[in-house]
Amino acid sequence: AYIFGVAMIFSVLTPFGVEVNGARRWINVGLQLQPSEITKICTIVGLAGYYSDKKWDFNKMWYSTIIPFIATVVPVLLLYKIFLFMTTII
């Protein structure tokens, strides 16, 4: 789910991407979707799947919860920033 969500962000830069009100943040696949909303849901589902499989060890909370959260959320936030920067250039 996580990889699918990240791929959805990049789909805006393909010919499926549509410019609406000067911003290229939508895709058209029969109907118009905003992939950032799908990515948010996929990130939540991915983290929920990871955390449901892990056994909780409060002595290692940093390694079992916080680092996976950072490793999942930071790439998506960087993609948003890069994408916003690219849309202002184009």
Side-chain angles (χ1 to χ4, degrees):
Y2 176 72
I3 294 170
F4 175 73
V6 172
M8 289 293 292
I9 292 176
F10 282 115
S11 68
V12 175
L13 301 175
T14 66
F16 293 113
V18 177
E19 186 172 324
V20 176
N21 294 331
R24 192 175 179 98
R25 297 185 183 132
W26 294 81
I27 57 173
N28 189 3
V29 287
L31 64 138
Q32 286 188 346
L33 300 171
Q34 194 169 19
S36 62
E37 300 301 322
I38 296 170
T39 303
K40 291 175 191 175
I41 294 170
C42 290
T43 302
I44 292 167
V45 169
L47 281 172
Y50 174 79
Y51 289 140
S52 67
D53 290 342
K54 295 295 284 184
K55 293 182 180 177
W56 290 98
D57 185 7
F58 288 105
N59 295 330
K60 298 180 181 178
M61 186 173 177
W62 179 258
Y63 294 107
S64 63
T65 59
I66 297 171
I67 289 177
F69 179 77
I70 292 170
T72 305
V73 174
V74 168
V76 172
L77 292 176
L78 288 174
L79 284 172
Y80 283 137
K81 285 294 188 183
I82 290 169
F83 181 70
L84 289 174
F85 178 72
M86 289 178 65
T87 56
T88 57
I89 293 174
I90 298 175

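This structure is a prediction, so every number in the text was calculated from the model and none was measured. Just so you know, these numbers use all the heavy atoms, side chains as well, and skip hydrogens, waters and symmetry mates.
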Give every donor-acceptor pair under 3.5 Å between a side-chain atom in residues 27-35 and any protein atom, sequence neighbours left out.
{"from": "N28", "atom 1": "OD1", "to": "G30", "atom 2": "N", "distance (Å)": "3.4"}

> Does V45 sit in a hydrophobic cluster with other residues, and if so which ones, taking ILVMFWY side chains as linked at heavy-atom separations under 4.5 Å, directly or through other members?
Replying inline: I41

> How far apart are the closest heavy atoms of I38 and F4, and which atoms are they?
Replying inline: CG2-CE2, 4.1 Å

> With a cut-off of 6.0 Å (strictly less than), are more than 12 heavy atoms of other residues, nucleotides or ligands near CD1 of I3?
Replying inline: no

>> With a 4.5 Å cut-off on side-chain heavy-atom distances among I, L, V, M, F, W and Y, is there a chain of contacts connecting I44 to V6?
In response: no

> Does E37 have any side-chain hydrogen bond (donor to acceptor under 3.5 Å, both in side chains) partners at least two apart in sequence or in another chain, and if so, which?
Replying inline: K40

> In chain order, what residues pass the side-chain contact (heavy atoms from CB on, under 4.5 Å) check against L77, with sequence neighbours excluded?
Replying inline: V73, Y80

